[in-house]
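First listed ligand is number 1; within each ligand, the first listed atom is number 1.
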Amino acid sequence: MPDILIRNADVVVTMDARRSELRGADVLIRGGIIAGVGPGLSDEGVEVIEARGCVVTPGLVNTHHHLYQTLTRAVPGGQDALLFGWLKTLYPIWARFGPEEMFVSAQVGLAELALSGCTLTSDHLYLFPNGARLDDTIAAAGEVGLRFHPTRGAMSIGESAGGLPPDSLVETETAILEDMIRVVDRFHDPLPGAMVRVGLAPCSPFSVSRELMRDSALLARDKRVMLHAHLAENDEDIAYSLERFGCRPGQYAEDLGWTGADVWHAHCVKLDGSEIELFNQSRTGISHCPCSNCRLGSGIAPIRAMRDAGCLVGLGVDGSASNDAGNLVAEARMAMLLQRVALGADAMGAREALEIATLGGAQVLGRDDLGSVEPGKRADLAIWDLRGVEAAGAWDPVAALILCGPGRVRDLIVEGRQIVRDGQLVRLDLSRLLEQQRRLAVRLAG
Ligand SMILES: [Zn+2]
């Protein structure tokens, strides 16, 4: 891996403690780590990437996704349904998936994320039909070159037991726990700079038992890995929790060991004031998925209140069957706009949205080795060319990233390796991948 100097960026957005923005600055990368940030750094013995006309930011971090859903975007029966009805339309299609669908779907989703500036993504895979395994998505991420936090999800309560998914898509809780142990032992890397970290992620309180929630929390602590689930997504979710468990989702999570700095929950649209305080005190992370929340009509998450309270908040594009885009910078824009719809034009600025999309996501995923452009941090960087038509006329290049564009990166660097160059994926033949995807689409529709 060559050392790299990114030279003459119009602005380097550092996301350091003072949120410094450096004009006309360079970033030096040695051995996958940021070695220097500032003007006039030496280019001796390094590969130079010219960044005049560009803004450099930390790589964007995606804290919630279901990559397998990329092959089921814009499915007619699910386009206008609420969450539970939407799931019931899609379950029978997902039941036809196998390892190849998981791999191709993940690669398409990861390619899309990379092109929108994402350097680290988590994934929540909670169904394993026809021999599919978490391994399929980990192999996909290795080829694209993104840093990857896959979570071993699970569903154990099928229709016959009063749950939502068909019985064919659920597993026994013994098999789930055994496979959780297998994938953590095989793939999890706890060290700084890790390219793969595995988490445990029963799908949601309405698709697994109380026992599995508790047992997976115990297992996660034993193995020192993180926990992830969907929580408090919409009104139906709250009603289900009250009726079935006799308490709100925050209480349910706390009772079963599902709060703490090693836990993050997706959505949290309906958390109330005391739950926000619980999440803040316990350092439980929140993955905000604004486009999905709009798409499924779930509501506007109280992100302003959460941030004011001090909560850890990151962004998630959510699965491509409920967004249906996987563009993380567009997600940051939507996060900003939605708070303004709820609270007024001064509710969230472009810089705060960018912070949530970068540093915020890294904090939610427990990555203190990432999320800012500072010496000693891993070199995960996005380079945005502001000279195109989208940002033409912009007076503030940093705000322009969120307020207008561009919506795609020029270059992307992960752990010091360039994985997007001049707007093209370096390691992956995208047209070949899309051909594979079209072949699978015919098979799934048939
Ligand atoms: Zn989700």
Minimum-distance N/O/S atom that H230 presents toward the Zn ion (ligand 1):
NE2
Closer than 2.8 Å to the Zn ion (ligand 1), do we get an N, O or S atom from H64, backbone or side chain?
yes
Could you go through F187 and F148, starting from their C-alpha distance and side-chain angles, then the distance that decides it, and tell me whether this counts as ring pair (Phe, Tyr, Trp, His ring centres under 6.0 Å)?
CA-CA 11 Å; F187 296 109; F148 196 40; 9.9 Å; no
Atom nearest to the Zn ion (ligand 1) - D318, N, O or S atoms considered
OD1
Okay, side chain of R378, backbone of G371: is any donor-acceptor separation there less than 3.5 Å?
no
Under a 3.5 Å threshold, yes or no: a donor from one side chain and an acceptor from the other, between H288 and H64?
no
Do N323 and S292 pair up side chain to side chain, a donor and an acceptor below 3.5 Å, judged on atom types alone?
no
Distance check below 2.8 Å: does H65 bring an N, O or S atom to the Zn ion (ligand 1)?
no
